[in-house]
Participant: 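Once you've had a glance at the structure underneath, I'll fire off some questions.
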Amino acid sequence: MNTTLQRVQLRHLHCFLAVARSGNLRGAAQALAVSQPAVTKTLAELEDILGVRLFERGRRGAEPTAAARALWPHASAVVAGLAEALQSVGGAAEHEHLVLGALPTLAPSFVPAVVQALADAAAPGRPPPASAGARLQVLTDRNPTLLDRLRAGGLDAVIGRLAEPDQMVGLSFEHLYAEPLVAVVRPGHPLLRWGTAPPGDLDGHLLALPLPGTLIRHSADSLLARLGVGPPVRQVETLSASLGTELAVRAGAVWLTPLGAAEPALQDGRLTRLPWPPGATDEPVGLLLRTDAAPRPALQRLIGAIREQAAQRRAALAAALAATGSG
């Protein structure tokens with residue numbers, strides 16, 4: 001056997017792929033749950049074994065060289081092939097671990113539906129799917145962070161939003177459905193008296209808004225501008241669905257949020273929607289995956305559940321829109 005092949009270890013390939021996907025050493029270290037010096041050391045070992053430089057370090061991060069671009073698909077294939085081989089061994093599936101990333105605003109409604117669909121598929125009395133023993137972990141964060149972790153291999157899939165082209169390198173986006181922006185308050189809130197148009201001045205009311213720099217915040221600001229509402233004096237900025245709910249219920253805030261984030265509280269009567277016209281404020285929600293590796297069986301099952309629930313979500317949103325007479 002070639003001595004170079006004997007010296008290359010799986011940890012070298014994992015490290016190389018993490019750096020290649022994240023584009024920097026810090027992101028790779030986070031994805032691998034190791035220190036940045038450990039990533040630097042392992043990468044240096046691989047470069048020494050291969051006798052080539054794999055990345056050019058600079059202000060823009062770690063840029064792959066021609067050698068790295070040539071190695072990338074083969075390293076991905078080796079790692080993916082080993083994972084599939086382990087799954088084919090009896091009992092190996094019970095150790096399989098999937099990590100799903102999701103925006104905090106999608107966690108309260110859509111993600112539980114996906115998890116329930118997976119649980120129903122593995123219910124007693126049904127033929128066990130190939131990935132019945134897979135363990136699912138769900139992480140929530142801002143969209144750019146989720147995409148960075150997905151590229152670095154720290155996530156298997158993301159339910160999030162389309163990003164700028166430079167953030168989508170190595171990733172695919174499949175549109176699932178469009179989530180409407182809504183304004184919600186607690187029952188009996190004074191603004192419910194204003195009907196379909198709010199007052200032009202909300203200074204007397206606390207507003208709960210998405211974080212600056214997010215697509216949903218841009219939609220919220222656009223909606224307020226169209227309604228003639230000036231910049232709010234009293235506001236809290238958060239992507240937390242639980243905090244947004246409590247601010248509306250306890251502090252009487254007007255919460256501008258994607259419908260899915262407020263849905264549990266709307267369904268149990270803790271919150272109610274303001275009848276403000278949404279306008280063009282629907283936000284696309286999609287499934288993001290890496291393009292450098294074919295999904296293994298457990299991930300294929302998760303993708304199937306996501307698509308199934310997205311179809312149901314589209315139908316439910318269309319029915320709700322038709323019921324309001326807005327279609």
Side-chain angles (χ1 to χ4, degrees), residues 21-22 26-27 29-33 97-119 134-164 167-168 171-182 184 208-220 236-249 253 255-267 270-271 282-290 298-299 302-303 305-307 309-310 313:
R21 289 165 178 162
S22 65
R26 178 183 297 179
Q30 291 176 345
L32 297 171
H97 181 201
L98 290 175
V99 186
L100 173 66
L103 293 173
T105 50
L106 301 175
S109 57
F110 185 68
V111 173
V114 171
V115 174
Q116 184 62 54
L118 287 171
R135 179 166 61 94
L136 178 64
Q137 182 180 7
V138 180
L139 300 179
T140 59
D141 213 320
R142 297 182 61 168
N143 205 60
T145 303
L146 293 176
L147 300 193
D148 284 345
R149 296 195 64 170
L150 177 62
R151 262 193 308 273
L155 298 174
D156 294 291
V158 166
I159 304 174
R161 307 197 190 281
L162 187 65
E164 295 297 325
Q167 294 181 295
M168 292 299 298
L171 303 178
S172 64
F173 178 85
E174 176 185 338
H175 183 266
L176 296 175
Y177 63 93
E179 187 78 14
L181 178 73
V182 297
V184 296
L209 298 170
L211 292 179
T214 61
L215 288 176
I216 198 66
R217 174 58 181 272
H218 176 74
S219 294
V236 177
E237 299 170 331
T238 181
L239 287 180
S240 169
S242 58
L243 177 57
T245 298
E246 291 304 310
L247 288 171
V249 172
W255 182 24
L256 295 182
T257 182
L259 174 60
E263 213 158 38
L266 289 169
Q267 291 174 349
R270 286 179 294 156
L271 294 177
D282 288 358
E283 290 293 338
V285 174
L287 170 65
L288 295 111
L289 299 167
R290 291 195 305 274
L299 181 54
L302 174 61
I303 292 171
I306 291 172
R307 289 171 175 164
Q309 293 308 306
R313 183 71 175 163

Participant: Give me the atom names and distance for the closest heavy-atom approach of Ala310 to Leu176.
Facilitator: CB-CB, 3.7 Å

Participant: With a cut-off of 6.0 Å (strictly less than), are more than 12 heavy atoms of other residues, nucleotides or ligands near CD of Glu164?
Facilitator: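 Open: at most 12 neighbouring heavy atoms sit under 6.0 Å from CD of Glu164.
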
Participant: Mark yes when over 12 heavy atoms from residues, nucleotides or ligands other than Arg270 sit less than 6.0 Å from its CZ; otherwise mark no.
Facilitator: yes

Participant: Could you check whether any side-chain heavy atom of Val285 comes within less than 4.5 Å of a side-chain heavy atom of Arg313, counting everything from C-beta outward?
Facilitator: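 No, too far: nothing below the 4.5 Å cut-off.
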
Participant: Would you name the heavy atoms of Gln167 and Pro144 that are closest together and state the gap between them?
Facilitator: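 So the minimum-distance heavy-atom pair works out to NE2-CB, 3.6 Å.
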
Participant: Show which side-chain atoms of residues 104-114 pair as donor or acceptor with protein atoms under 3.5 Å away, not counting sequence neighbours.
Facilitator:
residue: Ser109; atom: OG; partner: Gly260; partner atom: O; Å: 3.0

Participant: How would you list, by chain and number, every residue that makes a salt bridge (charged side-chain N to carboxylate O under 4.0 Å, His left out) with Asp141, sequence neighbours excluded?
Facilitator: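 Not a single residue meets the salt bridge (charged side-chain N to carboxylate O under 4.0 Å, His left out) criterion with Asp141.
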
Participant: Rounded to the nearest 0.5 Å, how far apart are CG of Leu211 and CG of Asn143?
Facilitator: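 Taking CG in Leu211 and CG in Asn143, the distance rounds to 12.5 Å.
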
Participant: A side-chain contact here means heavy atoms from C-beta on lying under 4.5 Å apart; do Leu171 and Arg290 qualify?
Facilitator: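 They are in side-chain contact.
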
Participant: Hey, does the side chain of Asp156 reach the backbone of Leu100 with a donor-acceptor pair shorter than 3.5 angstrom?
Facilitator: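 Checking the backbone N and O of Leu100 against the side chain of Asp156, no donor-acceptor pair under 3.5 Å is found.
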
Participant: When you measure from the side chain of Arg217 to the backbone N and O of Leu209, does any donor-acceptor pair fall under 3.5 Å?
Facilitator: no

Participant: For His175, is the NE2 atom crowded, meaning more than 12 foreign heavy atoms sit under 6.0 Å from it?
Facilitator: yes

Participant: Holding to ring pair (Phe, Tyr, Trp, His ring centres under 6.0 Å), I want the full list of residues that pass it with Phe173, two or more places apart in sequence or in another chain.
Facilitator: none

Participant: Can you spot which of Leu146, Leu155, Leu162, Leu147 makes a side chain to side chain contact (heavy atoms under 4.5 Å, CB included) with Leu288?
Facilitator: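 Looking at Leu146, Leu155, Leu162, Leu147, the match for Leu288 under the side chain to side chain contact (heavy atoms under 4.5 Å, CB included) is Leu147.
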
Participant: Are side-chain heavy atoms of Leu271 and Val249 found at a separation under 4.5 Å?
Facilitator: yes

